[in-house]
Amino acid sequence: MSIIAVLIETTENSVKPANFGVLTAARNTGVDEIYGFVTGADAQMCKDDLAKYGVEKIISIEAEGTDLTRKPDLQAKAIIAALQHYDVTALVGLSSSLGKDIMARIAAQLGASLALDCLSIDFQGRTVRKPYFAGKTIATLKLNGDYFLCGIRANSIEPVEAKTNAEIISFQANVGDDDAYMITEVKKNDSGKVDLSEANVIVAGGRPVASADHFQMLEKCAAVMNGAVGASRVPVDEGHASHSIQVGQTGKIVNPRLYIACGISGSIQHYAGMKTSKVIVAINSDKDAPILGKCDYGIIGDIFEVIPALTAELSK
Ligand SMILES: Cc1cc2nc3c(=O)[nH]c(=O)nc-3n(C[C@H](O)[C@H](O)[C@H](O)COP(=O)(O)OP(=O)(O)OC[C@H]3O[C@@H](n4cnc5c(N)ncnc54)[C@H](O)[C@@H]3O)c2cc1C
């Protein structure tokens with residue numbers, strides 16, 4: 001029987017919605033069963049969501065006396081122990097900061113190859129598709145070896161519901177406690193804002209968005225759509241926005257359903273970070289701006305007029 005385990009990421013009280021596309025990707029491979037690997041979260045809390053997206057077994061991975069989420073090497077060990085216990089050789093997760101960290105540790109401990117930032121996976125053919133050269137080309141990679149490990153870019157696969165009963169199984173891993181280091185503090189983004197790399201809607205500002213007040217205008221527009229605010233490198237370099245919201249080659253790669261580029265010219269470095277957005281809307285005062293040749297909908301106008309009008313209209 002073929003099985004794919006999916007590494008489930010959670011917030012304090014819910015399953016991150018970006019997991020649902022990963023579960024759909026796993027299911028689309030024609031695999032017999034999907035296992036949801038949950039560490040450091042209440043499996044019962046995850047049950048309804050995981051049952052909705054095709055998880056047959058929720059494996060709640062714990063190690064007595066150890067907070068696995070604080071000890072990523074031990075967490076990787078515990079996940080490997082679960083893979084081996086259930087005889088599973090395929091593990092997919094989100095290509096998020098957390099996913100990249102933990103999957104890399106798992107791959108290193110197993111001596112297995114790992115593909116991150118994948119757009120799709122073919123478990124039977126042992127291949128994945130992923131972008132290279134700032135998104136200019138999409139490569140198909142074959143993963144050789146005993147394990148099939150990959151991280152999928154958030155929002156690259158449309159979630160499709162597939163109802164199951166999702167049985168919860170508790171797995172106690174014996175991983176010891178001799179980890180070299182542990183996470184002592186996690187500084188949470190307490191703004192309650194949507195994470196950029198998982199957002200369905202992003203309203204991003206470029207050079208003319210040049211103050212906190214200007215960003216506030218974008219925040220208001222994004223909030224109406226439960227979206228997040230992004231930025232090109234210029235406002236970040238000029239100190240108006242944090243690097244954590246920079247989109248592009250040296251910032252975040254994002255993949256929302258809707259990307260609204262506000263006063264962004266469309267340099268290749270910026271485009272590399274948002275080109276896979278499902279729908280791109282550009283608002284620009286220059287009708288010859290390159291972004292207007294790369295978007296689905298272009299609005300030629302001043303962002304300081306268009307965005308408040310858009311926000312007011314959406315608020316209705
Ligand atoms: C190695 C390297 C890595 C880089 N990495 C990144 C990266 O990760 N992300 C990134 O974004 N950039 C990156 N850059 C920088 C990139 O080359 C561009 O300089 C940058 O993206 C330009 O940002 P911008 O579009 O906001 O500014 P500009 O190119 O200056 O464009 C501003 C746009 O706003 C329009 N505009 C002005 N006023 C208004 C208004 N009131 N209303 C409507 N439109 C208006 C203008 O017509 C113009 O099109 C990188 C560069 C290098 C060399």
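As the structure lists them, so they are numbered: ligands from 1, and atoms in each ligand from 1. The shown structure was predicted, so the numbers you read here are calculated from the model rather than taken from an experiment.
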Legend entry - Shell of residues surrounding ligand 1, defined by a 4.0 angstrom heavy-atom cut-off that is strict: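 Residues G206, R207, P208, S232, R233, V234, Q246, V247, G248, Q249, T250, G251, G263, I264, S265, S267, Q269, H270, N284, S285, D286, A289, G301, D302, I303, F304 each place a heavy atom under 4.0 Å from ligand 1, listed by chain and number.
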Inset, instruction - Kindly give the cluster partners of V234, where membership spreads through any ILVMFWY side chain lying under 4.5 Å from a current member. - result: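 Under the 4.5 Å side-chain rule, V234 groups with nothing.
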Inset, instruction - Walk me through it: do T39 and Q75 pass the test side-chain hydrogen bond (donor to acceptor under 3.5 Å, both in side chains)? - result: CA-CA 8 Å; T39 55; Q75 191 178 0; 2.7 Å; yes
Legend entry - Ion pair check, R27 and E56, cut-off under 4.0 Å: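 So R27 pairs with E56 through a salt bridge.
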Inset, instruction - Step through the shown structure and confirm whether more than 12 heavy atoms of other residues, nucleotides or ligands are within 6.0 Å of CD on Q124. - result: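 Buried by this count: over 12 neighbours within 6.0 Å.
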Inset, instruction - Determine yes or no for a side-chain-to-main-chain donor-acceptor pair under 3.5 angstrom, with N200 supplying the side chain and P256 the backbone. - result: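 Flag not set: sc N200 to bb P256 has no pair under 3.5 Å.
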Inset, instruction - Report yes or no: does T140 contribute a side-chain atom to a donor-acceptor pair with the main-chain N or O of T127 at less than 3.5 Å? - result: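 Not a single qualifying donor-acceptor pair exists.
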